[in-house]
Structures are given as C-alpha cells and as structure tokens.
Peer 1: 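Supplied in structure tokens, the structure appears directly below.
Note: hydrogens, waters and symmetry copies are ignored here, and every other heavy atom, side chains too, is used.
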Amino acid sequence: MFKDESFSGSNINRPGYKKMMEYLTGHKGVVKSVVVSKMDRAHNNQLNLLQFIKVKLAELNMDFVSITESFDTSTMIG
C-alpha cells in the first residue's frame, strides 16, 4: 500500500506515488491491477488519470480498479 498524506493528487512528485511507480515497474508481469479507494487518490486531474491508465498501466499490462466508483479496466464494461 502506498500513501501520500498531505500531498495533492494533482502532483505526481509525491513520495508514495513515486514509490508506487517504481514498484509497479519492477513487478511487471507479477502485479495485475492497481486498486484505489477513489480515482482521485491516484490523480486529481482527469487527463492525468486517463494518461496514467491508458499509457503507463497499458505499458505494464496492468488494470486499474476504483472500489467506490465501480471503475474496473479489467472488465468489458469497466
């Protein structure tokens, strides 16, 4: 689990976010999904969130799941 207390979700230069990205990159093929409580916990900016999902996670072959918003890229209706 990665946390960034006292940091805005609009900033990708957060210690927890950087650690998460390093972990995901180092565990390509092992980690299947990134699960968040809410989408804005990953990114406050929708464009940045979409780029994160469509570019970064696609490169790593990982899905994105938001528990409270019923958003899951691993399903057809996602």
Peer 1: Heavy-atom distance under 4.5 Å between the side chains of F52 and L57, does that happen here?
Peer 2: yes
Peer 1: Distance from M39 atom CE to Q46 atom CD, nearest 0.5 Å?
Peer 2: 7.5 Å
Peer 1: Check whether any side-chain heavy atom of V65 lies under 4.5 Å from a side-chain heavy atom of V34, and answer yes or no.
Peer 2: no
Peer 1: A side-chain contact here means heavy atoms from C-beta on lying under 4.5 Å apart; do D63 and K32 qualify?
Peer 2: no
Peer 1: Nearest 0.5 Å, please: how far is NE2 in H27 from CG in L60?
Peer 2: 12.0 Å
Peer 1: Distance-only, no hydrogens or angles: does the D40 side chain make a donor-acceptor pair with backbone N or O of H43 under 3.5 Å?
Peer 2: no
Peer 1: Within a strict 4.5 Å, meaning less than it, do heavy atoms of the V36 and S66 side chains meet?
Peer 2: yes
Peer 1: Could you give the distance from CD (E22) to CE (M20), rounded to the nearest 0.5 Å?
Peer 2: 11.0 Å
Peer 1: Looking at T75 and D72, would you say the former's side chain and the latter's main chain have a donor-acceptor pair under 3.5 Å?
Peer 2: yes
Peer 1: Rounded to the nearest 0.5 Å, what separation is found between the NZ atom of K38 and the CG atom of N44?
Peer 2: 9.5 Å
Peer 1: Do the ring planes of F2 and Y23 sit parallel (below 30°), tilted (30 to 60°) or perpendicular (above 60°)?
Peer 2: tilted
Peer 1: Below 4.5 Å, heavy atoms only, C-beta onward: do M21 and K56 meet side chain to side chain?
Peer 2: yes
Peer 1: Counting distance only, does the side-chain N/O of K28 pair as donor-acceptor with the main-chain N or O of E59 below 3.5 Å?
Peer 2: yes
Peer 1: Do side-chain atoms of S33 reach the backbone of F64 as a donor and acceptor pair under 3.5 angstrom?
Peer 2: no
